[in-house]
Novice: 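Have a look at this one.
Note that these values count all heavy atoms, side chains included, but never hydrogens, waters or copies made by symmetry.
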Amino acid sequence: NDVHHNEVYHATYVGIFTSSRPVCPYQTANNIEKNHVYQVLRELNDGGAIYTAGNVAGTIINNNLVHDIVTTPLHISEEQVVESASSAIVGIYLDEYSRGVTVTNNLVFNANNSLNFNTVCFNVVANNMFVNPKIRQMQFGRFFDRGKYWSQAGLDIKRNVFYSAI
């Protein structure tokens with residue numbers, strides 16, 4: 001699958017999503033390139049402007065512009081912003097066993113979190129720029145499943161620029 005040269009904005013949930021989970025078991029080797037994604041995740045959370053889940057080996061996320069992925073008034077309960085909701089609003093999110101993904105040459109700015117990894121392995125993140133996150137640049141998650149803890153393995157994070165203005 002090729003997803004390229006699109007403008008994706010003002011979405012309730014994620015901007016671009018690829019998964020090999022049971023609903024889409026054959027989505028591997030996707031090319032997500034030269035897209036402009038902004039102001040998505042405006043109502044829901046636990047996702048990314050560009051979001052992967054499952055074994056999407058061979059997927060390339062390259063030369064995308066992602067920005068303004070932040071908490072909105074629709075994320076606010078009657079009493080307060082839910083912290084977990086804010087931290088799960090992400091520029092590029094590799095989730096739930098994402099493996100074999102290459103993230104290169106992207107610009108992500110003004111997102112709650114620039115980059116999130118949750119239970120992933122054998123991915124490459126290189127030559128990207130992550131600028132001015134609202135909460136954090138990178139987040140690494142893990143969870144307890146089937147009697148053991150899962151976490152990240154084989155991540156190759158190199159030659160990126162992480163910048164936060166004070």
Novice: Decide whether Y13 and V66 are clustered together by the hydrophobic rule: side chain heavy atoms of Ile, Leu, Val, Met, Phe, Trp, Tyr closer than 4.5 Å, transitively.
Specialist: yes
Novice: Going by atom types alone, do D68 and N110 pair a side-chain donor with an acceptor below 3.5 Å?
Specialist: yes
Novice: Which atom names give the shortest non-hydrogen contact between N64 and E33, and what distance separates them?
Specialist: OD1-C, 3.5 Å
Novice: Show the nearest heavy-atom pair for residues P133 and R136, with the distance to one decimal.
Specialist: CB-O, 3.3 Å
Novice: Give, for atom CG of L94 and atom OG1 of T18, the distance between the pair rounded to the nearest 0.5 Å.
Specialist: 11.0 Å
Novice: Taking all atoms of both residues into account, what is the closest heavy-atom pair of V37 and A49, and its distance?
Specialist: CG1-CB, 3.7 Å
Novice: A side-chain contact here means heavy atoms from C-beta on lying under 4.5 Å apart; do V103 and N128 qualify?
Specialist: yes
Novice: Taking all heavy atoms of R99 and all of N55, pick out the closest pair and write down the distance.
Specialist: CG-OD1, 3.1 Å
Novice: When Ile, Leu, Val, Met, Phe, Trp and Tyr are grouped by side-chain heavy atoms lying under 4.5 Å apart, directly or through other members, which residues fall in the same group as F122?
Specialist: none
Novice: If I take atom NE2 from residue H67 and atom CD from residue Q39, how far apart are they, to the nearest 0.5 angstrom?
Specialist: 7.5 Å
Novice: If you round to the nearest 0.5 Å, how far is NE2 of H4 from CD1 of I16?
Specialist: 11.0 Å
Novice: Tell me, do V90 and I69 make a side-chain contact under 4.5 Å, heavy atoms counted?
Specialist: no
Novice: Please check if Y97 and I60 belong to a single hydrophobic cluster, counting links between Ile, Leu, Val, Met, Phe, Trp and Tyr side chain heavy atoms closer than 4.5 Å.
Specialist: no
Novice: Can you confirm whether the side chains of E7 and Y38 place a donor and an acceptor under 3.5 Å from each other?
Specialist: yes
Novice: Is the shortest heavy-atom distance from the side chain of N160 to the side chain of V125 under 4.5 Å?
Specialist: yes
Novice: For N35, which of N6, N106, N62 qualifies under side chain to side chain donor-acceptor pair (under 3.5 Å)?
Specialist: N6
Novice: Look at the aromatic rings of Y93 and Y51 and report parallel, tilted or perpendicular, splitting at 30° and 60°.
Specialist: perpendicular
Novice: Say whether, by atom type as modelled, one donor and one acceptor occur between the side chain of T102 and the main chain of V124 under 3.5 angstrom.
Specialist: no
Novice: Do M138 and F117 have side chains that get closer than 4.5 Å, going by heavy atoms?
Specialist: yes
Novice: Taking all non-hydrogen atoms of both residues, which atom of V40 and which atom of H10 are closest, and how far apart?
Specialist: CG1-N, 4.3 Å
Novice: Could you state whether I32 and Y9 fall into the same hydrophobic cluster, counting links through intermediate Ile, Leu, Val, Met, Phe, Trp or Tyr residues with side-chain heavy atoms under 4.5 angstrom apart?
Specialist: no
Novice: When you look at CZ of F109, are more than 12 heavy atoms from neighbouring residues, nucleotides or ligands closer to it than 6.0 Å?
Specialist: yes
Novice: So how far is it from N105 CG to N127 CG, rounded to the nearest 0.5 Å?
Specialist: 5.5 Å
Novice: For the residue pair D95 and S98, what are the closest heavy atoms and their distance?
Specialist: O-OG, 2.7 Å
Novice: Mind checking whether L107 and V131 have side chains closer than 4.5 Å, heavy atoms only?
Specialist: yes
Novice: Tell me, do N112 and L41 make a side-chain contact under 4.5 Å, heavy atoms counted?
Specialist: no
Novice: Just verifying a value: how many Å separate I50 CD1 and F17 CZ, rounded to the nearest 0.5 Å?
Specialist: 13.5 Å
Novice: Measure the spacing between CG of N113 and CD of Q137 and express it to the nearest 0.5 Å.
Specialist: 9.0 Å
Novice: Could you tell me whether the side chain of I89 reaches within less than 4.5 Å of the side chain of T71, counting heavy atoms only?
Specialist: yes
